[in-house]
Structures are given as C-alpha cells and as structure tokens.
**Student:** 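Provided herewith is a single structure, encoded as structure tokens, for subsequent inquiry.
Only this structure's heavy atoms are used, side chains among them; waters, hydrogens and symmetry mates stay out.
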Amino acid sequence: MADQPKEVKLYGHGFSGYCTMVNSALKLKGVAFEYVEEDLQNKSEALLRLNPVYKKVPVLVVDGEPIAESLVILQYIDDVWKNPPLLPEDPYQRAKVRFWADYVYQKLVPPVYRIRTSEGDARKKAEEEFRANLITLEDGVREELWSAGGSFINGEKPGLLDVIMGSCHTGLKYLEDVAGVKLVEKDRTPLLCSCMEAFVELDVVKGP
C-alpha cells in the first residue's frame, strides 16, 4: 500500500464554487489540509508559481506537488484517498458520471457567467439556456445514474456529481437573489434540488 500524503494545502477563494467543490471533497474524505485564501485582485507569488498556466484557484498542493483545475483535482482526490469513493467501481458507470460532470462545466457554467455579466435579451437568453440544460442534466442523471432510495445522486453517500452540484447550491441561490431570477425550479428538477439540499445539510460540509 502506497504511503499517504503527509502535507496537503489548498489555495482557494471563499466565493469560488470550484474551490468549494475541492474543499468539500477533502472534508468528505476526512483529509487534513491547510487552506490558503487568495486575493484574486492581488494573486500571491506562490499561486502564480504553482499554477503558471492558468494563474487561478483552486490549486491543491500535495507534498509539494501542485494540481490545478477543479475537475482534475476532484478525480485526483478520489484516486489518492479511496474512501469514501466519489466514483462507482464499474468502469462504464464511472464514465457516465464523468460525462455528466463535464456537462456541468460545459453547459451550465457558461450561461451562469452570461447571466452575471449581461442584461436585457442576452440575460434572458442565458437564463433560458441554463434552465433547459439543467433539465437535460436532471433527465440524464435520473435515467443513467440515480437509483431510488438514496438521498444523493450517488446513492446513500455523496459522489462526484453531488460534490459538484451541491457546491453550486449557495452560489446559485445568491445569483438568483442578486439577478432577481429563478434558475433552479423544484417542480422542473426535483431530483437535483433534493440532492443539492441534502448535500449542503451534511455536517461535514457545513463545518469549518
């Protein structure tokens, strides 16, 4: 059995959903880590050195070795700390989870940015796009991943998609309040809403 990492450090920002994902995954795994809050208007020399390509958070540093990009980090965490697993054992099911995780990044994140930065018809179009893509995710998860009886997409315990969507819950609620729109509708996406709500109520996630 390989030695477990001795020093784990997460460079992040409190209002970044991507950083929340990594933070939550580490907590779910029971990993002790040091958290370093970054000022995104005045990025530290350490961050720029650790992530010279994208120059952004999150960056996970494990025994001095940096890993960048949240989705890459999440899968790295699941590879290094096996329990509880975030991905299913079956290779086909693992591929399905990865497909829908990538879908979140490709189809939900872009319209969220446009909602935040646009007005008028452009914002309305982005809102409609987000809602439609969220329904597609709901249908895909229900058909391909979810099994009745568990509180989470992954079943009785949260998995990769739960970490991703659950970590977006607070940010989406904040955006709804600021923009004065309703993006996540329980009557249209009941499964995702239920799973996200279950995730944010986990003691380990709510804790410091």
**Student:** Between V97 and Y18, is there a shared hydrophobic cluster once you connect ILVMFWY residues whose side-chain heavy atoms come closer than 4.5 Å?
**Tutor:**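 Hydrophobic grouping puts V97 with Y18.
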**Student:** Can you tell whether the side chains of R94 and E89 come within less than 4.0 Å, N to carboxylate O?
**Tutor:** no
**Student:** Check whether any side-chain heavy atom of L137 lies under 4.5 Å from a side-chain heavy atom of V104, and answer yes or no.
**Tutor:**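 Touching, per the 4.5 Å side-chain cut-off.
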**Student:** Can you tell if the side chain of L183 reaches within under 4.5 Å of the side chain of L175, non-hydrogen atoms only?
**Tutor:**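 Touching, per the 4.5 Å side-chain cut-off.
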**Student:** Check A179 against R123 and note the closest heavy-atom contact, atom names and distance.
**Tutor:** O-NH1, 3.6 Å
**Student:** Check whether any side-chain heavy atom of I153 lies under 4.5 Å from a side-chain heavy atom of L160, and answer yes or no.
**Tutor:** no
**Student:** Sub-3.5 Å donor-acceptor pair from the side chain of T117 to the main-chain atoms of Y113, do we have one?
**Tutor:**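 Indeed, once roles are kept as given, a pair shorter than 3.5 Å links the two residues.
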**Student:** Working to the nearest 0.5 angstrom, can you tell me the gap between F15 CZ and T20 OG1?
**Tutor:** 10.0 Å
**Student:** Are V181 and Y174 connected into the same hydrophobic cluster when the rule is that any two of I, L, V, M, F, W, Y join if their side-chain heavy atoms are below 4.5 Å apart?
**Tutor:** no
**Student:** Could you tell me the separation between the CD atom of Q106 and the CZ atom of F99, rounded to the nearest 0.5 Å?
**Tutor:** 10.5 Å
**Student:** Determine, stepwise, if the pair F152 / V163 fulfils side chain to side chain contact (heavy atoms under 4.5 Å, CB included).
**Tutor:** CA-CA 10 Å; F152 304 99; V163 171; over 6 Å; no
**Student:** State plainly whether the residues R142 and E138 are in salt-bridge range, i.e. N to O under 4.0 Å.
**Tutor:**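 Salt bridge present between R142 and E138.
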**Student:** For the residue pair S44 / E38, report whether a side-chain donor-acceptor contact shorter than 3.5 Å exists.
**Tutor:**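 Checked: E38/S44 side chains pair up, N/O donor to acceptor below 3.5 Å.
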**Student:** Under a 4.5 Å cut-off applied to non-hydrogen side-chain atoms, are E34 and V8 in contact?
**Tutor:**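 Counting from C-beta outward, E34 and V8 never come under 4.5 Å.
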**Student:** Out of curiosity, Y76 OH to I67 CD1, how far, rounded to the nearest 0.5 Å?
**Tutor:**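 If we round to the nearest 0.5 Å, Y76:OH and I67:CD1 are 4.0 Å apart.
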**Student:** How far apart are the C-alpha atoms of L161 and W146, what are their side-chain angles, what is the distance that settles it, and do they pass the side chain to side chain contact (heavy atoms under 4.5 Å, CB included) test?
**Tutor:** CA-CA 11 Å; L161 269 175; W146 185 71; over 6 Å; no
**Student:** Could you measure the distance from the CD atom of Q75 to the CG atom of L87? Nearest 0.5 Å is fine.
**Tutor:**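 Those atoms lie 6.0 Å apart.
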**Student:** Looking at L108 and F130, what are the two nearest heavy atoms and their distance?
**Tutor:** O-CD1, 3.7 Å
**Student:** Between K157 and D162, is there a salt bridge with N-O shorter than 4.0 Å?
**Tutor:**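 Here D162 does not pair with K157 in a salt bridge, since their nearest N and O are not under 4.0 Å apart.
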**Student:** Over all heavy atoms of both residues, which pair between D78 and P84 is shortest? Give the atoms and the distance, please.
**Tutor:** OD1-O, 4.2 Å
**Student:** Any side-chain donor-acceptor pair under 3.5 Å between Y35 and E37?
**Tutor:** yes
**Student:** Would you sort out whether L60 and K9 count as a side chain to side chain contact (heavy atoms under 4.5 Å, CB included), showing the intermediate values?
**Tutor:** CA-CA 6 Å; L60 186 69; K9 185 180 292 187; over 6 Å; no
**Student:** Where do G140 and W100 come nearest, in terms of heavy atoms and distance?
**Tutor:** CA-CZ2, 3.4 Å
**Student:** Between CD of E176 and CD of E185, what distance do you get to the nearest 0.5 Å?
**Tutor:** 8.5 Å
**Student:** Does L71 share a hydrophobic cluster with Y11, counting links as ILVMFWY side-chain heavy atoms below 4.5 Å and allowing steps through other members?
**Tutor:** no
**Student:** Is it the case that one hydrophobic cluster holds both L191 and I135, taking links as side-chain heavy atoms less than 4.5 Å apart, direct or via other members?
**Tutor:** no
**Student:** Looking only at heavy atoms, which two atoms of K29 and P85 are closest? And how far apart?
**Tutor:**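 It is NZ-CA, 3.7 Å.
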**Student:** Taking the side chain as C-beta and beyond, is there a heavy-atom pair between V61 and V59 under 4.5 Å?
**Tutor:**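 When only atoms from C-beta onward are counted, V59 and V61 do touch, with a gap below 4.5 Å.
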**Student:** Quick one, K27 and V205 - any side-chain contact, counting heavy atoms below 4.5 Å?
**Tutor:** no
**Student:** P66 and side chain to side chain contact (heavy atoms under 4.5 Å, CB included): which single residue from L50, I73, N51, L47 fits?
**Tutor:**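 Considering L50, I73, N51, L47, a side chain to side chain contact (heavy atoms under 4.5 Å, CB included) with P66 is found only for L50.
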**Student:** Do you reckon V204 sits in the same ILVMFWY cluster as F199, going by side-chain contacts under 4.5 Å, direct or chained?
**Tutor:** yes
**Student:** Quick one: does NZ or CZ of K56 land under 6.0 Å from the six-membered ring centre of Y54, within 45 degrees of the ring axis?
**Tutor:**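 The answer is yes; both the distance and angle limits are met.
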**Student:** Are any side-chain N or O atoms of N133 and backbone N or O atoms of K107, one a donor and one an acceptor, separated by less than 3.5 Å?
**Tutor:** yes
**Student:** Between E127 and R131, does any NZ, NE, NH1 or NH2 come within less than 4.0 Å of an OD or OE carboxylate oxygen?
**Tutor:**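 Yes.
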**Student:** Counting neighbours of CG on D177 that are heavy atoms of other residues, nucleotides or ligands and sit closer than 6.0 Å, is the number greater than 12?
**Tutor:** yes
**Student:** Could you go step by step and tell me if V62 and E7 meet the side chain to side chain contact (heavy atoms under 4.5 Å, CB included) rule?
**Tutor:** CA-CA 6 Å; V62 180; E7 183 181 64; over 6 Å; no
**Student:** Consider only side-chain N and O atoms of Y105 and S70, and report whether a donor and an acceptor are under 3.5 Å apart.
**Tutor:**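 A pair is found: one side chain offers a donor N or O, the other an acceptor, under 3.5 Å apart.
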**Student:** Please check this pair: side chain of S16 against backbone of C19, looking for a donor-acceptor N/O pair closer than 3.5 Å.
**Tutor:**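 Yes.
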**Student:** Quick one: are V36 and L10 in side-chain contact, heavy atoms under 4.5 Å?
**Tutor:** no
**Student:** How long is the gap from NE2 on H13 to NZ on K43, to the nearest 0.5 Å?
**Tutor:**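 Going from the NE2 atom of H13 to the NZ atom of K43 covers 11.0 Å.
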**Student:** So, for L86 and P158, which heavy atoms are closest and what is the spacing to 0.1 Å?
**Tutor:**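 The answer is CD2-O, 3.9 Å.
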**Student:** Salt bridge between K186 and E197, side-chain N to carboxylate O under 4.0 Å?
**Tutor:** yes
